[in-house]
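Note that the structure is predicted; figures quoted are calculated from it, not measured.
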Amino acid sequence: MPSTTARAGGVFLPIIKSLSLSAGSEPNDPSSKKLGSYLIQSQFQCAGNSSALFLTAAAQNLLCLKLAEELGLVIASPWVSWFKAASLPAFISLLLTPYILYKIYPPETKDTPDAPAIAAKRLEVMGPVTTNEWVMIATMILAVSLWVLGDAIGIPSVVTAMLGLSILLLLGVLEWDDCLSEKSAWDTLAWFAVLVGMAGQLTNLGIVTWMSNCVAKFLQSFSLSWPAAFGVLQGAYFLIHYMFASQTGHVGALYSAFLAMHLAAGVPGVLAALALAYNTNLFGAQTHYSSGQAAVYFGAGYMELPDVFRIGFIMACINAVIWAVVGGVWWKFLGFY
C-alpha cells in the first residue's frame, strides 16, 4: 500500500481500536492508557521505519528519487537499491521501537490472554479467503516482483502500477467508483505534477545551485569535513519539519535544495539522496500534524498532545542514533562512501 495514511486509517487503526476496546481501553477516557495509547504510539513510531524500508511504501519516496534525477543523480535498480540500503537500520528500529516504548510509555494492561480466542472467533465469522482476496494477493505479488525486477526486464514502474490496477478492475476486485473515491491519491497525483515541475524550474533557473553554493561556502568557513556537513544538514532538514504539515510538501519545498547543499559540501551523491529520503519518512511521527497518518492516529483519541510531542522527540533522537550508527556502518559496507 503506497500510502502511510491509507495503511493507518484502513488497516492498523481498526485493528488497534478493536484490540483496545476488547481490553476495556476507551478513547478520550482515562482507560485509554490501559492498552490503546501504547498500541497507537507503537504503530505510529514504527510507521516511519516501515515507510523508509520500501520505495513503494509512501508517495514521498518516489518524489525524492524523481527530484534527485532532476539534479543528475540516477539510482540504478531503485527498488532493490532502496531496500538494500534501508534494510538493516529499518529492521533494527522496527524491532527496538515497541520494546523502548514499552519501557518509557508502558500500557497498564500487560497481559491479554483472551486475544487469541477473540481472534479465532472473528476469523470464523469472516469465513474462508474469497476469490477476490486471492486475486488481490496474486496481483500484489506480481506488482512487487515487477517493481523489483523491472529494470532488468525493461518494464518501467509506471507500467507495473497500471498493469496491477488494470487486473483488479478487469476482474472486478475494484470498481472505477472505488478509484474515484480515493481522494488522497488524486491529491498526490496533482501535487506531484506541480511540485516536480516547480523543482525542475528552480533547478533550471539556477536558484537551487546558487542557494546550495552559498550554504556550502558558509559550512566551509567552519572547515567542516563532509561527514560533519552531512550531519548538520540532515539534522536541519529533520528539525525544519516542525514547520510543515505534509511530508510531500516538505520534499517539494526543500529536498532539491538540501540535496544540492550535500553535493556542494562533498557528500557522496547516492548517500545524500537516500539519507534525505529516509529522513523524510522518519520525521512523520514528530507531531500530531507532521503527516497524514499522524492526524489519523491522534484523531483516534488515545494520545494526549503533550505525549505526542514528548514521545515524538525521544523516538526521533533514538531513530537518529540507530540510523546514524547502524546505517553508517551498513552504507560503508555497501560502498556508498
Side-chain angles (χ1 to χ4, degrees), residues 1-13 42-69 75 78-87 89-91 93-94 97 140 143-144 146-148 150 157-158 160-161 164-165 182-196 199 234 237-238 240-241 244-256 258-259 273-298 312 315-316 319-320 323 327:
M1 295 178 69
S3 168
T4 53
T5 308
R7 290 198 299 275
V11 178
F12 293 116
L13 187 58
S42 182
Q43 177 54 37
F44 184 30
Q45 297 300 331
C46 283
N49 289 289
S50 62
S51 296
L53 183 58
F54 301 106
L55 173 61
T56 47
Q60 65 267 11
N61 295 349
L62 297 167
L63 180 57
C64 287
L65 292 196
K66 180 64 179 176
L67 295 177
E69 289 179 11
I75 297 176
W79 201 98
V80 176
S81 299
W82 180 290
F83 176 77
K84 192 193 307 181
S87 58
F91 279 131
S93 288
L94 285 168
T97 295
M140 181 187 71
V144 172
L146 290 178
W147 273 323
V148 173
S157 58
V158 174
T160 298
L165 178 60
E182 288 292 335
K183 295 180 181 179
S184 61
W186 293 109
D187 283 345
T188 299
L189 183 64
W191 276 107
F192 258 50
V194 174
L195 292 173
V196 171
Q234 289 287 332
Y237 184 75
F238 187 94
I240 286 173
H241 192 65
F244 281 86
S246 164
Q247 289 167 289
T248 308
H250 187 143
V251 170
L254 296 177
Y255 182 87
S256 295
F258 268 82
L259 179 55
L274 289 179
L276 281 173
Y278 298 147
N279 201 344
T280 301
N281 288 285
L282 296 178
F283 56 49
Q286 273 181 334
T287 66
H288 63 302
Y289 58 82
S290 57
S291 60
Q293 62 172 340
V296 171
Y297 287 129
F298 181 71
M315 291 309 302
N319 275 320
W323 280 79

At their closest point, which heavy atom of A68 faces which heavy atom of A273, and how far apart are they?
CB-CB, 4.3 Å

Mind checking the CE-CD spacing from M315 to Q286? Nearest 0.5 Å is all I need.
13.0 Å

Carefully, step by step, assess Y255 and L63 under the rule side chain to side chain contact (heavy atoms under 4.5 Å, CB included).
CA-CA 9 Å; Y255 182 87; L63 180 57; over 6 Å; no

Evaluate the criterion side chain to side chain contact (heavy atoms under 4.5 Å, CB included) for residue pair F258 and I240; output intermediate values, then yes/no.
CA-CA 12 Å; F258 268 82; I240 286 173; 3.8 Å; yes

With side chain to side chain contact (heavy atoms under 4.5 Å, CB included) as the test, would you mind laying out the steps for W82 and T56 before giving the verdict?
CA-CA 10 Å; W82 180 290; T56 47; over 6 Å; no

Carefully, step by step, assess H250 and T280 under the rule side chain to side chain contact (heavy atoms under 4.5 Å, CB included).
CA-CA 8 Å; H250 187 143; T280 301; 5.8 Å; no

Taking the six-membered ring for Trp, are Y297 and F12 closer than 6.0 Å centroid to centroid?
no

Checking Q247 against N281 for the side chain to side chain donor-acceptor pair (under 3.5 Å) test, could you report, in this order, the C-alpha distance in whole Å, the side-chain angles of both residues, the deciding distance, and whether it holds?
CA-CA 8 Å; Q247 289 167 289; N281 288 285; 4.7 Å; no

Mind checking the CG-CG spacing from L259 to L254? Nearest 0.5 Å is all I need.
12.0 Å

Mind listing the closest non-hydrogen atom pair of G312 and Q45 along with its distance?
CA-NE2, 3.9 Å

Note: L274 and A85 closest approach over all heavy atoms is CD1-CB, 4.0 Å

Could you tell me which non-hydrogen atom of C46 sits nearest to which non-hydrogen atom of L94, and how far apart they are?
O-CD2, 3.5 Å

How many angstroms lie between CZ in F91 and CG in L53, if you round to the nearest 0.5 Å?
5.0 Å

R7 to S50 - nearest heavy-atom pair and separation:
NH2-OG, 4.3 Å

Return yes if some donor-acceptor pair links the side-chain N/O of N61 with the main-chain N/O of A277 below 3.5 Å, else return no.
no

Which heavy-atom pair separates S290 from A285 by the least distance, and what is that distance?
OG-N, 3.8 Å

Start with the C-alpha gap between F283 and Y237, add the side-chain angles, then the distance that decides, and say whether ring pair (Phe, Tyr, Trp, His ring centres under 6.0 Å) holds.
CA-CA 10 Å; F283 56 49; Y237 184 75; 5.8 Å; yes

How are the rings of Y278 and W323 set relative to one another: parallel (under 30°), tilted (30 to 60°) or perpendicular (over 60°)?
tilted

Side-chain donor/acceptor of N319 to backbone N/O of S93, under 3.5 Å:
no

Among L55, V251, L67, find the residue that satisfies the side chain to side chain contact (heavy atoms under 4.5 Å, CB included) test when tested with L62.
L55

